[in-house]
Structures are given as structure tokens and as C-alpha cells.
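Everything on this sheet refers to the single structure shown next.
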Amino acid sequence: MAGVGLSVFFCVDEYFLLTEIIVRVVFMLTFVNFGFVNGQIYDVLKFGAKGDGTNDDSKAFVEAWKAMCSSGGSNKTLLIPSDNTFLLQPLRFQGPCNSPSVQVQLEGKIVAPLNKAAWADLKEYKWVSFNKIIGLTFLGSGTINGRGSSFWEANMPASKRPTQLHFHGCNNLEINGITSFDSPRNHISIHDCRQVKITQIKLSAPGDSPNTDGIDISTSIDVEIYDTVIGTGDDCVALNSGSININITRMLCGPGHGISVGSLGKDGEESIVENVQVTNCIFNETNNGARIKTWPNGKGYARNIVFKDITLTETKNPIIIDQHYIDNGRRYVEESSAVAISNITFTDIHGTSQKDEIIKIDCSEVTSCKDIVLDRIDITTVDGNKPLVECNNAYGYSTNAYDGCLKTQ
């Protein structure tokens, strides 16, 4: 099966290479139409950026943004040109803009300061942030490198490390084509956004890099993620509280911790996640596959969630609901409440597991899990042992050899 997983990976990689070539051609045609004809391009080099990877180009980027954002009309593009490397300190692209739609086109390379000691300002723990911009498209075939290893090696807590790309209050947002390497923390944060499309991106960090989530989503509605490759040291996608109407499809995930709903309900908070579809995804040697995790004594709910048509290659925990999630360094406390979990479907999930336990649904005694479906699950173990299944305080129905794991109502 490892060979099959590898061949699938190369097929996906060839697909992305072909798509990237097509996207670059489309980008150039777009520039010819909008840029050279209408003069709508704001090149950061024209605003004083050096592009040598050594001088700080942050001021030039902000000045180019202010000029573009304050101008009227449509089809405005801030250009980060190819064949250049731009060193940036933490900066913010602030909206709203006078144009109904704006683009940031990344064709060159953006790099962070060489190590954590060289960062000028980490007050907000965000590196490049976009705030309250309507109709933003962030696209291109360029790269952004957070040089996060010095943060990881210092064992700094996640809360003291910067997010690579942070989008806050950006409605009608599209992120397309970019590649992100080695974020000190999570690569992309989507917070308080509506109508988001993320496609053709690649996010990469070593499998042992801590808290380097691919995409973190919170308090956001109508988010589509498709045709992406994410391999990091944490969740490929983490759906936090307020994630509603989320569609993830055709993602190659690994290494990492799979696609997770949660963690939810930390410190007794009320959390809500609903209407989530995860379909046609590949988990390649991930620590988890399809996961829902909640803290004891939380409130709120996670409901109407589907994991469908999932391929596993040597995944450690293929299917897991954990309502007793405790992070490192915390003590377990007696449970008096829990996030309510209901209407969860796992269907058409197949492949191999590194562990004998292929399904673990460990629900709260306080609320239980309701309307759980296990359908057409075909997972074998790498060592050839009989697959094990565990269900606690979980109600629903299952097919295949897993009848009896879930309780009936």
C-alpha cells in the first residue's frame, strides 16, 4: 500500500504542476489586459523595494498598498515581481479599499527575518496580515518563507510565535496558487471572513515542526478549500469555533495531523461548528485522519459533519472522535458539561492504518454523541492484525463488520 500511496502522490503532484503552468499563463494574460492597457499595476519595486533579500522592504510594500487601496476604479493589482527576494518585517495591509476588488500578485519570493532575534516587532504575533479588505484576491506562483526553525528549536509556546498569513474580516476572499514554507506557527489564519475560496496552494513544513497548522479557520462562513497540497507538523486544516458551511475537497494531506474539527470548548467556552463537508481527500502518513476533538466541560455543538471518500496511507488514527481531549501539561478535571456532537457521518473511507485501532469514538458521558454513521469503511492494518474499533457513549448505526460498536437510540 505504501507504493500505491506514493504513486497517488506523484499523480497529484503532476496535476498541480500542469495546473500551475496554466495558471501562470492566465495571470500573464490578465496583466496584459488590465495592467499594460489600463495602468492598474502597483509594482513594489516602483515604491522603493530592493528585492535583494537583505534590505527590509516592508515600508515599500505598505506604501504601494496605500497607493493602490486609496485609488478608485477596479482591477487594481499590487505586484510582487518574479526574480526578486523581498525581506519583510511584520506588516499589515489595511482596508477597506476604495476599489470594490483588489489583487495582491505574488510572483517573487517573500522571506522573513533570518531568525527570531532579527524580528523587529512581534506584538500581535502575525507576520503578514490583511485586515477588513473586501474583494481581495491573493494569488500567484511565488513563495513565502517564514524561516520558522529558530522558533521551533527554542520550544517557544505557540502563542508566542507569529502566524504566517492572517486574514481578518476579509469577505469575498480568494487565495490561489501561492506556496508557503516553514511558518513559525500556522501558515494561514482565516478569521471572521465570509465567502472564501482557497485553491491550488501548497503549504509545507517539517513533520516534527510544532503547531504549524496549514489552515486555521474561526468565526467564518462559506469557506471552500479545494485542489491543495498541505504537509506540516500539525493539522492540515483546523476548524475552530464559528466555522460554518465549510467545504474541503481534493486535498493531499501529509505529513501532519489530518483534518480536525476543534479543539472545541477549551476552558468551558461555548463553541459552534456546523455544516462541514470533507470529501475526496488523501491522508498520507498522517498522525490522524478524520478527527473531532473537544475539551471536557465545554459548551455548544458540532453537528452536520461529513467525511466522505477518504484515502488513507499508513495513517495512525484514521477515524477519531475524542471528547476528552487534554493538551500537554493540563490535568484532567471531572466533567460537568460537554460540546454536543451530532449528525456525524464517516463514509467511503479506505486504506491502511499504522495502528490496530482504526476507529475510536470516545464521547462524553454527559451529552453522548448522537446520530453517528459509520458506512462503507474498509481499513486494513499495516501489520496485518485484525482492525480494532472502540465506541463509548455513542449512538447511531454502522455497516460492514462494525455493527454493535454504536448504540441504537
Side-chain angles (χ1 to χ4, degrees), residues 1-9 12 207 213-214 229-239 248-263 273 276-294 302 305-325 341 343-363 369 371-394 396-406:
M1 283 300 295
V4 173
L6 192 60
S7 65
V8 171
F9 177 90
V12 173
D213 292 7
V229 176
I230 301 178
T232 69
D234 212 310
D235 297 325
C236 291
V237 180
L239 303 178
I248 303 169
T249 189
R250 298 189 300 277
M251 175 179 290
L252 177 59
C253 170
H257 294 181
I259 295 177
S260 295
V261 175
S263 59
V273 173
V276 175
Q277 297 271 342
V278 179
T279 61
N280 195 18
C281 294
I282 298 170
F283 296 124
N284 188 36
E285 298 184 356
T286 52
N287 281 7
N288 304 287
R291 177 166 67 158
I292 300 173
K293 53 181 178 177
T294 71
I305 299 169
V306 176
F307 292 91
K308 180 180 180 181
D309 192 14
I310 305 298
T311 300
L312 309 165
T313 302
E314 298 185 12
T315 298
K316 287 185 180 178
N317 300 290
I319 297 173
I320 181 168
I321 296 178
D322 182 6
Q323 287 218 268
H324 301 98
Y325 178 78
I341 293 179
N343 196 16
I344 312 296
T345 298
F346 302 95
T347 184
D348 292 312
I349 300 179
H350 53 276
T352 57
S353 171
Q354 289 191 35
K355 291 185 175 181
D356 293 345
E357 188 172 61
I358 63 169
I359 299 172
K360 184 173 183 179
I361 300 180
D362 186 20
C363 299
C369 296
D371 299 320
I372 309 299
V373 176
L374 297 171
D375 181 41
R376 297 193 294 276
I377 310 296
D378 183 14
I379 304 172
T380 59
T381 62
V382 172
D383 59 14
N385 291 341
K386 180 181 178 180
L388 302 178
V389 177
E390 178 184 348
C391 299
N392 298 313
N393 307 308
Y397 75 88
S398 56
T399 60
N400 303 83
Y402 311 124
D403 292 331
C405 181
L406 297 169

Check your understanding: Can you find a heavy atom in the side chain of I230 that is under 4.5 Å from one in the side chain of L252?
Key -> no
Point to revise | Side-chain donor-acceptor pair present, T249, T279, cut-off under 3.5 Å | key: yes
Check your understanding: Would you say T347's side chain and K308's backbone share a donor-acceptor pair under 3.5 angstrom?
Key -> no
Practice item. Find out whether T315 and S353 are in side-chain contact, i.e. whether some heavy atom of one side chain is under 4.5 Å from a heavy atom of the other. Key: no
Practice item. Ignoring hydrogens and angles, tell me if any N or O in the side chain of N317 forms a donor-acceptor pair with the backbone of N287 under 3.5 Å. Key: yes
Review point. Looking only at atom types and distance, does a side-chain atom of T232 sit under 3.5 Å from a main-chain N or O of D234, one as donor and one as acceptor?
Key: yes
Review point. Below 4.5 Å, heavy atoms only, C-beta onward: do L406 and I361 meet side chain to side chain?
Key: yes
Review point. What distance separates I359 CD1 from I319 CD1, expressed to the nearest 0.5 Å?
Key: 4.5 Å
Review point. Do D356 and N385 have side-chain N/O donor and acceptor atoms under 3.5 Å apart?
Key: yes
Point to revise | Check ion pair R376-D309 (N to O, under 4.0 angstrom) | key: no
**Study point:** Note, C281 side chain near R250 side chain (heavy atom, < 4.5 Å)
**Key:** no
Check your understanding: Hey, mind stepping through M251 and C236 against side-chain contact (heavy atoms from CB on, under 4.5 Å) and telling me if it holds?
Key -> CA-CA 9 Å; M251 175 179 290; C236 291; 4.1 Å; yes
Check your understanding: Taking all atoms of both residues into account, what is the closest heavy-atom pair of E390 and E357, and its distance?
Key -> OE1-OE2, 2.9 Å
**Study point:** Full working for side-chain contact (heavy atoms from CB on, under 4.5 Å) between L312 and I379
**Key:** CA-CA 8 Å; L312 309 165; I379 304 172; 3.6 Å; yes
Exercise for review: Could you pull out the closest heavy-atom pair between F283 and G258, with the gap in Å?
Suggested key: CE2-CA, 4.1 Å
**Study point:** Interatomic distance, T352 atom OG1 to D378 atom CG [nearest 0.5 angstrom]
**Key:** 11.0 Å
Review point. So do T345 and F307 actually touch side chain to side chain, heavy atoms under 4.5 Å?
Key: no
Point to revise | Spacing of CD1 belonging to I349 relative to CD1 belonging to I358, to within rounding of 0.5 Å | key: 10.0 Å
Review point. Where is the tightest heavy-atom contact between C363 and N393, given as atom of each residue plus distance?
Key: O-ND2, 2.9 Å
Revision key, fill the gap. From the list D322, D362, D235, salt bridge (Lys or Arg N to Asp or Glu O under 4.0 Å) partner of K293 resolves to D235
Check your understanding: If we only count heavy atoms from C-beta on, is the V306 to V276 side-chain gap below 4.5 Å?
Key -> no
Check your understanding: I372 and F346: which non-hydrogen atoms are nearest, and at how many Å?
Key -> CG2-CE1, 4.5 Å
Exercise for review: For the pair T286 (side chain) and H257 (backbone), establish whether a donor and an acceptor sit closer than 3.5 Å, ignoring hydrogens and angles.
Suggested key: no
**Study point:** Any donor-acceptor pair under 3.5 Å from T381 side chain to G384 backbone
**Key:** yes
Review point. Do T311 and H350 have side-chain heavy atoms sitting under 4.5 Å apart?
Key: yes
Practice item. Drop me the distance from N288's CG to S260's OG, to the nearest 0.5 angstrom. Key: 6.0 Å
